[in-house]
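Right, one structure below, let's go through it.
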Amino acid sequence: MTEEKRPILELRGITKRFPGVVANAGVDLALYPGEVLALLGENGAGKSTLMNILIGLYRQDEGEIYLRGEPVEIRSPRDSDALGIGMVHQNFMLVPTMTVAENVILGLQDLSFVPKMDEVVARINEISERYNLQVDPYASIWQLSVGEQQRVEILKLIYRGAEVLILDEPTAVLTPQESEELARVLQVMTSEGKSAIFITHKMDEVLSFSNWVQVLQHGKSIAVKKTAETNAQELARLMVGREVLFRLDKAPATPGDVLLEMRDVHALDDKGLPALRGISLQIRGGEILGIAGVAGNGQRQLSEAVTGLRTVTAGEVLINGQPMTNRSPLEIIQAGVSHIPADRVGVGAVGDMAVSDNLAMKGYRNAPMSRKGILYPPRILEFAKKMIASFQIATPTPKTHIKFLSGGNIQKAILAREIDACAGVLVAVYPSRGLDVGATEAVRKRLLKQRAQGSAVLLISEDLEELLTISDKVAVLFDGEVMGVLPSEEAQIATLGLMMAGSRLSQIV
Amino acid sequence: MQFIFEKRQSVSRQAIILVPIISFLVSLLLGAILLAVSGANPLLTYAAMGKGAFGSWRNISETLVKAIPLMLTGLGVSIAFRMRFWNIGAEGQLTLGGVAAAWAALSLADVLPAWMLLPTVILFGMLAGALWAGVPAALKVLMGVDETLTTLMLNYVAILFSKHLYYGPWRDPEGFGFPGTAPFPEAAWLPRLGHTRAHWGLLFAVVLAIVLWLVLNRTRWGFELRIIGENKRAARYLGINIARNVILALAVSGALSGLAGACEVAGISRRLQQGLSIGYGYTAIIVAWMAQLNPLAVLLVAILMGGLLVGGDQVQMMMGLPAAVGLVLQGMILFPMLAGSLFTEYRLRIIRPEKTPPALVTTEEA
Amino acid sequence: MIALFTSVLAITLRAGTSLIYATVGEIYTERSGILNLGLEGVMLMGAVLSFATAYYTGSAWLGVLVALLVGALLAAIHAFLTVTMRANQVVSGLSITLFGSGLASFLGQRLGPESNGYYLVGKVGPRFTPYVVPFLSDIPVVGALFKQDILTYLLYILIPLAWFYLYKTRNGLNLRAVGENPQTADAMGIDVIRVRYLYTILGGMLVSLGGAHLSLAYTPGWSENITGGRGWIVIALVIFAMWNPARAVLGAILFGGINAVQFRLQAAGTNIPSAFLNMLPYLATIGILIVMTWWETLSKRIGAPAALGTAYMREEK
């Protein structure tokens, strides 16, 4: 590696164990001043754990951290803050009810007892000018868009004197255009000698943002490459540990009747602001419609409006040709709609109940699991064993509380329950988010199987590759509106990117 | 050295049983310290309490007298707490149950045939309790009004209302100014067990505890209630009607406390009078939590708590110590219990910097 | 008429003092994300021990000191159970109340001057009597502010201070962050555990002081259930104040006012049975809760600290 430069930050032999898993196993890492290191790896490869150790949220079981050649102990975020290491977390570390300025100075040690807010604001303005991070210091966080909140995060770190910035999947919530802006901000920062670690699993970003790439797999560092000397194919192979499946066996579509239809649907978000503004979509049986879009553009509300969990303020939802607008969730379930929710632990499963109970949560209403209101536990167990076998759910016993399972296995259990109960329409929201390759593949295959069996599948995903691989058509959602629907064979990433940023298909073509 | 709570791989069954037992012992220990500081001999006091509560058949029957309302209210509180609905209004629900039962016993005696009077009295008590819990439940699920406060405030309202009745319009004109209603007609008396004061309420409690256990574990409704209690968002997503089920469950919860009130007036005092409840509704919270919301365990814990109350009265009579010593011990029981329940899901791991614990998964190079 | 109004206001303030102390205390506790439902027990313990101390030492101020200590101790138990042991905050609070009221009742009997069986009830001890400020107290209406006891006067400083500290200082900022979003606070270098302990204990001290005001000034002496559910009413007042110490005054005055009106009506003799008059504070609490909840839903504004009632732990995966 480069001999003339000395690393500003070095990790040696970092190991971190959680009960039952080794999240990091003897990881070494070096970051040079004025450079960007991309940390690449699948979900669960240990990237976030490693970074959380670096900023003092976790404590390593073994290994040392060196800053400018000196060994340092990082016991808490306060230490990393003082050492000039800062992190932009995936879910932003901001207090929504407070202003930008208040968030920036939160927890600062060298603050006067009664902070002089006008001085704080002046410095914020100065930084936002220099780095092109436009934001109103007096605005409350909850009023800001996701992109603006990210700017606040970066601004906060610079304000607090961070020399090493860690960005955890920063582009997941950005449009392609906003990502480019972020790249420019990074350029200014590195030109001033600051350095950054950039966590991602997107190849193109690695290649355009970074100087070095380090690949983690199952908690171990398996490769460090100069970005200029590698390519996407090689990185993908390293990351997954085998050639990536870019194509699944997908039979040609055999569309049947329209099973799910939305006509000019409007709905509000939790704050009472418009979230869906005139959505019209159709899905036929044997067809997968993918919904693309930057997170927070109405995806959640769309799935909830279909499944009866959110009030539709105007427009119509038709299931199997029957008007089902604003029917109760139960009526919609009984009409044959299954739903894999985005929040699998908070909504999709009941953590403190057995795996078998969780699997029975759709079927318990009918024979053979219950008759005349009386449950038959042997039937429930029988059903659970069947599902555990056919969906390959790894659980110690069917009676284990489901919260003790891994995310992938919880998702498989939800999938098993929902697919078993599905009679026509399947709404899948981020079904493979956070899963390892094996589980992801299993989920995708199941969705394709549902399609082959004639179900209409509404697939909401933030992974464009997933959308293009398995859906027949892709619709792009922006600010609660459909920017356009196009067949996935014809969809190009660039076009989708423009649509995700708010251009209508009709304007582009 | 560093202490860390580490999540267990599954819920520890031993901990579920051991924690309440250890908690009780710890509270005895803490109580002993308190007694010693206040100048009493803890061992003698405990011996006197134990003897007072369980020393003879008569004492045991008195313990049961106190345990019956604790069982019924404890069952009621358990079902509400399972919904994560913090019903601390069992006291008021019990009181209003007693009031309604008294009304039925006194006003319907001439209207109804004798054999129908007692069932009616009990039904009225349960209905009143259900109403008194149903109102906060409806306010909570329909409007989101905090239930801890509404249920508690309704305790004061119910107690003041009952006082108003037996001091005022319902006071027995032949009672020589004693605050209480006229005695109930015999047809409204709840039969007692043998020559003790313990009454049929005990049978109700045992049967209802078994029924409740079966409902929770073997019926569709119970399954839905468990889902609602564990995760409301999941329940809604699964198409379960939360509002209706919570109101129904709370009506059952209130009805159980109302039944306790009806049994007290019809089985013990045989009139509505001062001192209907001695804080049973609050002790019920301890009973429910100690029993970890398990209906069958409620029965056992209620007997233990009833013993503490009777034992407290005994030490007052025999040793001149305040009867409140029973209350203090009861109040203290939950502290170790709350601290200990962490151990059902976590274990304590001690980390020494020089020695690292072995990995649970081997990490050789692949 | 003005004279009547002034005197009602004076009584209101006196009745409201304990409520304000407890409300401000609980606001601070809840702002750190800890719900303490143990107020009733803490107030009772503060009341009985401060009175007993004052009775035996002859110093009401020593009583205040003991009240602060016992409040801190009980709140520390709650903090230990909910912060360190991550116990359910509702149940922990309830058990503080059950324990506190049981122990207060025990002590009220045990601490009596005669050996065995004689009570503290009905004893007369030192107390804080109203100090009438010359001239100022002669002003119509406002004069009511200057016919109070020393603990009430202290409030005139405490309330603006509590408001300023919460909204204008570094520590207040950190405190609010912990209650709103402990993950963020932790990542920003704030010691969440320490903050939660600190303000739960501070809150407990103020609540206990509220109890002491009852037995040392408002209704001097000890009687069982001297608080009459004030500890619970305070929980509602915190919601009414929308977790803002300055607004705590309004709620306390409202309830103090209800108390005052109740007294007046009872003294004047009305046809309304006293039981129903006595129900007023409790019914009013329910009414306030309904109105506040309805208003919050309507305005989509939730004043409660977002993390209220939830335990925080860092290393969970």
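Naming convention: chains lettered A, B, ... in sequence-line order (proteins, then strands); numbering from 1 in each chain.
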Could you check which of A:Lys372, A:Met369, A:Arg365 has the highest count of heavy-atom pairs closer than 4.5 Å to chain B? A:Arg365

Measure A:Ser370 against the heavy atoms of chain B and call it side chain, backbone, both or neither at under 4.5 Å. side chain

Answer yes or no: is there a donor N or O on one side and an acceptor on the other, between the side chain of B:Gln330 and the main chain of B:Met305, under 3.5 Å? yes

Answer whether the closest heavy-atom distance between the side chains of B:Phe85 and B:Val141 falls below 4.5 Å. no

Heaviest contributor of heavy-atom pairs below 4.5 Å to chain B, chosen from A:Val347, A:Leu330, A:Asp343, A:Asn358, is A:Val347

Considering only heavy atoms and a distance below 4.5 Å, find which of B:Lys232, B:Glu230, B:Arg236 pairs most often with chain A. B:Arg236

Got B:Met332 and B:Val26 here, is their nearest side-chain heavy-atom distance under 4.5 Å? no

Has B:Asn245 got a side-chain atom pairing as donor or acceptor with B:Asn241's backbone, closer than 3.5 angstrom? yes

Is A:Val345 in contact with chain B via its backbone, its side chain, both, or neither, using a 4.5 Å heavy-atom distance? backbone

Residue among A:Pro329, A:Pro377, A:Gly346 with most heavy-atom pairs under 4.5 Å to chain B: A:Gly346

Chain B contact via A:Met361 - side chain, backbone, both or neither, heavy atoms under 4.5 Å: both

Is A:His401 close to chain B through its backbone or its side chain, or both, or neither, when contacts mean heavy atoms under 4.5 Å? side chain

Does A:Thr325 reach the main-chain N or O of A:Val317 with its side chain, forming a donor-acceptor pair under 3.5 Å? yes

Which of B:Val301, B:Val77, B:Leu304, B:Thr73 passes side-chain contact (heavy atoms from CB on, under 4.5 Å) with B:Val287? Answer is B:Val301

Tell me, do B:Val252 and B:Leu256 make a side-chain contact under 4.5 Å, heavy atoms counted? yes

Please say whether more than 12 non-hydrogen atoms of neighbouring residues, nucleotides or ligands are located less than 6.0 Å from CZ in B:Arg220. yes

Under 4.5 Å to a heavy atom of chain A? For B:Leu214 that would be neither

Need one label for A:Ile414: side chain, backbone, both or neither, based on atoms under 4.5 Å from any heavy atom in chain B. side chain

Among A:Gly351, A:Pro341, A:Gly26, single out the residue with the greatest number of heavy-atom pairs under 4.5 Å to chain B. A:Pro341

Among A:Glu304, A:Arg417, A:Lys362, residue most engaged with chain B (heavy-atom pairs, under 4.5 Å): A:Arg417

Of the backbone (N, CA, C, O) and the side chain (C-beta and beyond), which part of A:Ile374 lies under 4.5 Å from a heavy atom of chain B, both, or neither? both

Could you tell me whether the side chain of B:Gln93 and the main chain of B:Ala260 form a donor-acceptor pair under 3.5 Å? no

